[in-house]
Asker: 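Following this message is one structure expressed as structure tokens.
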Amino acid sequence: MPKLTGIYAKLLKLYGPQGWWPLLDVEGKNPTKTGSMKGYHPKDYSYPKTDKQRFEICIGTILAQNTSWVQVEKALQNLKKINYVDPKKILKINESNLGKAIKPAGYFNQKAKKLKRFSEFYISLKGKVPSREELLNMWGIGPETADSILLYAYKKPYFVIDAYTKRIFSRLGFFSEKAKYDEMQKFFMDNFPKDYKKYNEFHALIVEHAKRCCNKTNPLSEKCILKKACKFKNI
DNA sequence: AACCAGGACGTGA
DNA sequence: TCACGTCATGGT
């Protein structure tokens with residue numbers, strides 16, 4: 001079985017720095033991705049630089065639940081248009097109108113409620129870093145969202161496990177398809193340097209690789225650089 | 001035209 | 001605990 005550090009190096013060489021977490025606007029950065037968002041910032045792990053950016057990332061992780069990123073972009077841009085990427089303003093707007101603004105991201109009734117609950121929590125923090133337990137105790141925030149917030153909004157080394165990570169690394173034989181979240185996370189955190197910059201980059205690279213060549217029903221093995229170790233074809 | 005996307009929660013067994 | 005159903009828009 002290949003090592004995580006080796007896979008990380010391969011993916012980084014192949015795809016390059018991914019510039020996560022994307023923001024609505026990043027001053028002085030050139031877009032490296034298609035679409036209207038110019039907010040990727042490759043090789044710069046200093047974001048978020050402001051509280052406003054931090055909050056934007058937090059609500060982005062909630063909006064991104066089981067939804068493609070392009071849809072999240074639309075929802076965020078709608079919020080930005082009315083200048084509502086702000087916890088106090090999200091508390092002020094009525095839930096129905098909030099839902100209307102974030103509609104493109106899907107599950108808009110649930111997500112409107114989640115954004116309101118989170119905004120209240122965020123204000124109560126007064127700049128303090130939330131613990132993982134505090135986040136998990138919030139309605140609407142599960143393990144992946146909690147870890148995404150800690151990693152990408154607060155630069156804390158919590159490895160994010162998503163459906164892509166599970167798919168790729170179970171196919172590579174690191175764990176079974178029905179491994180639990182905490183089990184998978186522990187594996188990554190025990191076998192990879194505990195560095196928030198590398199956690200940031202690795203997760204983003206995993207997403208990129210999964211999108212390009214690790215489909216749900218079949219891997220695009222001809223272009224997958226990890227195909228030698230992939231067990232999928234033998235299942 | 002099904003299928004799925006940078007999940008989480010509620011329910012009944 | 002766990003296997004399912006629900007939430008919902010919009011790309012391919």
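Chain naming here is simple, since letters A, B, ... match the order of the sequence lines and numbering starts at 1 in each. The structure presented is a predicted model; accordingly, all values stated were derived computationally and were not measured.
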Asker: Please pick, from B:dG7, C:dA8, C:dG11, the nucleotide with the shortest atom-to-atom distance to any side-chain atom of A:T145.
Answerer: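 Of B:dG7, C:dA8, C:dG11, B:dG7 is nearest to the side chain of A:T145.
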
Asker: Let me know the distance between NZ of A:K74 and C1' of C:dT9, rounded to the nearest Å.
Answerer: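 Computing the A:K74:NZ to C:dT9:C1' distance gives 9 Å.
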
Asker: Looking only at atom C1', what distance separates B:dG10 and C:dT9, rounded to whole Å?
Answerer: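 Comparing C1' positions in B:dG10 and C:dT9 gives a spacing of 22 Å.
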
Asker: Could you please spell out the steps behind the side-chain contact (heavy atoms from CB on, under 4.5 Å) verdict for A:W20 and A:H41?
Answerer: CA-CA 7 Å; A:W20 278 39; A:H41 40 87; 5.8 Å; no

Asker: With under 30° as parallel and over 60° as perpendicular, where do the rings of A:F202 and A:F192 fit, or are they tilted in between?
Answerer: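 Taking A:F192 first and then A:F202, their aromatic rings sit tilted (interplane angle of 30° to 60°).
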
Asker: Applying a 3.5 Å limit to both distances, which nucleotide forms a Watson-Crick or G-U wobble pair with C:dC4?
Answerer: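 B:dG10 is the nucleotide pairing with C:dC4.
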
Asker: Taking the P atom in each of C:dG5 and B:dC3, what is the distance between them to the nearest angstrom?
Answerer: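 It works out to 14 Å between them.
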
Asker: Which glycosidic conformation, syn or anti, is assigned to C:dG11 if syn requires a torsion within 90° of zero?
Answerer: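 Syn for C:dG11; the angle stays within 90° of 0.
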
Asker: How is A:I141 classified with respect to the nucleic acid when contacts are heavy atoms under 4.0 Å: base, sugar-phosphate, or nothing?
Answerer: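 Touches sugar-phosphate only.
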
Asker: With a non-hydrogen cut-off below 4.0 angstrom, is A:Q110 in contact with a base, only sugar-phosphate, or nothing?
Answerer: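 Answer is base: heavy atoms of A:Q110 come under 4.0 Å of a base.
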
Asker: Hey, does A:K211 reach any base, or is it just sugar-phosphate, or nothing, if we go heavy atoms under 4.0 Å?
Answerer: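 Since a base atom lies under 4.0 Å of A:K211, the category is base.
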
Asker: Is any side-chain nitrogen or oxygen of A:R117 closer than 4.0 Å to OP1 or OP2 of B:dA8?
Answerer: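 False: A:R117 side-chain N/O out of range (4.0 Å or more) of B:dA8 OP1/OP2.
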
Asker: Could you measure between the two P atoms, the one in B:dT11 and the one in C:dA8, and give it in whole Å?
Answerer: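 That atom pair is separated by 16 Å.
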
Asker: I'd like a table of atom pairs between the protein and nucleotides 10-13 of chain B - only N or O on both sides, under 3.5 Å - with the distance next to each one.
Answerer:
unit_1 : atom_1 : unit_2 : atom_2 : d
B:dG10 : OP1    : A:W139 : NE1    : 3.4

Asker: May I ask you to check whether A:Q71 and A:K74 show a side-chain donor-acceptor distance below 3.5 Å?
Answerer: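 Indeed, the side chains of A:Q71 and A:K74 share at least one donor-acceptor pair under 3.5 Å.
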
Asker: Do A:N200 and A:Y45 get their side chains close enough for a donor-acceptor pair, meaning under 3.5 Å?
Answerer: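 A:N200 vs A:Y45: no donor-acceptor pair found between side chains.
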
Asker: Within this structure, what is the NZ-to-C1' distance between A:K114 and C:dT6, rounded to whole angstrom?
Answerer: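 Spelled out: NZ on A:K114 to C1' on C:dT6 is 11 Å.
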
Asker: Using a cut-off of strictly less than 4.0 Å, decide whether A:T67 has a side-chain nitrogen or oxygen near OP1 or OP2 of C:dA8.
Answerer: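 Checking A:T67 against C:dA8: no side-chain N or O falls below 4.0 Å of OP1 or OP2.
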
Asker: Just the rounded figure in Å: distance from C1' of C:dT1 to CG of A:D182.
Answerer: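 To the nearest whole Å, that distance equals 14 Å.
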
Asker: Rounded to the Å, how far apart are A:F108 CZ and C:dT6 P?
Answerer: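 Computing the A:F108:CZ to C:dT6:P distance gives 17 Å.
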
Asker: Where the side chain of A:A163 is concerned, which of B:dG7, C:dG11, B:dA8 is the nearest nucleotide?
Answerer: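 Per side-chain heavy atoms of A:A163, the pick is B:dG7.
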
Asker: Would A:D51 and A:Y122 count as having a side-chain donor-acceptor pair, cut-off 3.5 Å?
Answerer: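 Side chains of A:D51 and A:Y122: pair found under 3.5 Å.
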
Asker: Could you tell me how far apart A:N66 (CG) and B:dG7 (P) are, to the nearest whole angstrom?
Answerer: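 Computing the A:N66:CG to B:dG7:P distance gives 5 Å.
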
Asker: Is it true that A:E95 and A:K113 make a salt bridge, defined as a side-chain N closer than 4.0 Å to a carboxylate O?
Answerer: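 Counted as a salt bridge, because a side-chain N and a carboxylate O are separated by less than 4.0 Å.
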
Asker: What is the distance, rounded to the nearest whole Å, between atom CG of A:L115 and atom P of C:dA8?
Answerer: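 Value for this atom pair: 13 Å.
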
Asker: Need to verify one output field. Residue with the more 5' nearest nucleotide on DNA chain B, A:T61 or A:L136?
Answerer: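 Result: A:T61.
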
Asker: From the options C:dA8, C:dG10, B:dG7, select the nucleotide whose nearest atom is closest to the side chain of A:E144.
Answerer: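 Nucleotide nearest to A:E144's side chain: B:dG7.
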
Asker: Would you mind checking if A:K231 and A:E177 are paired as a salt bridge, meaning a charged N to carboxylate O distance below 4.0 Å?
Answerer: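 No.
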
Asker: Any idea which of C:dG10, B:dA8, B:dA5 is nearest the A:S68 side chain?
Answerer: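 Selected nucleotide: B:dA5.
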
Asker: Looking at A:E56 and A:K52, is there a salt bridge between them, counting it only when a charged N and a carboxylate O are closer than 4.0 Å?
Answerer: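 Between A:E56 and A:K52 there is no salt bridge, as every charged N stays at least 4.0 Å from the carboxylate O atoms.
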
Asker: Return a table of donor-acceptor pairs under 3.5 angstrom between the side chains of residues 141-150 of chain A and protein atoms on other chains or two or more places apart.
Answerer:
unit_1 : atom_1 : unit_2 : atom_2 : d
A:T145 : OG1    : A:Q65  : NE2    : 3.0
A:D147 : OD1    : A:R132 : NE     : 2.7
A:D147 : OD2    : A:R132 : NH2    : 3.0
A:D147 : OD2    : A:Y181 : OH     : 2.7
A:D147 : OD2    : A:Q185 : NE2    : 2.9
A:S148 : OG     : A:E144 : O      : 2.8

Asker: Atom NE2 of A:H203 to atom C1' of B:dG7: distance rounded to whole Å?
Answerer: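 Distance, rounded to whole Å: 12 Å.
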
Asker: Scan A:K180 against the nucleic acid and name what it touches under 4.0 Å (heavy atoms): base, sugar-phosphate only, or nothing.
Answerer: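 The answer is sugar-phosphate, as A:K180 gets under 4.0 Å only of primed atoms, P, OP1 or OP2.
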
Asker: What's the CG-P distance between A:D162 and B:dA8, to the nearest Å?
Answerer: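 After rounding, the reported distance stands at 10 Å.
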
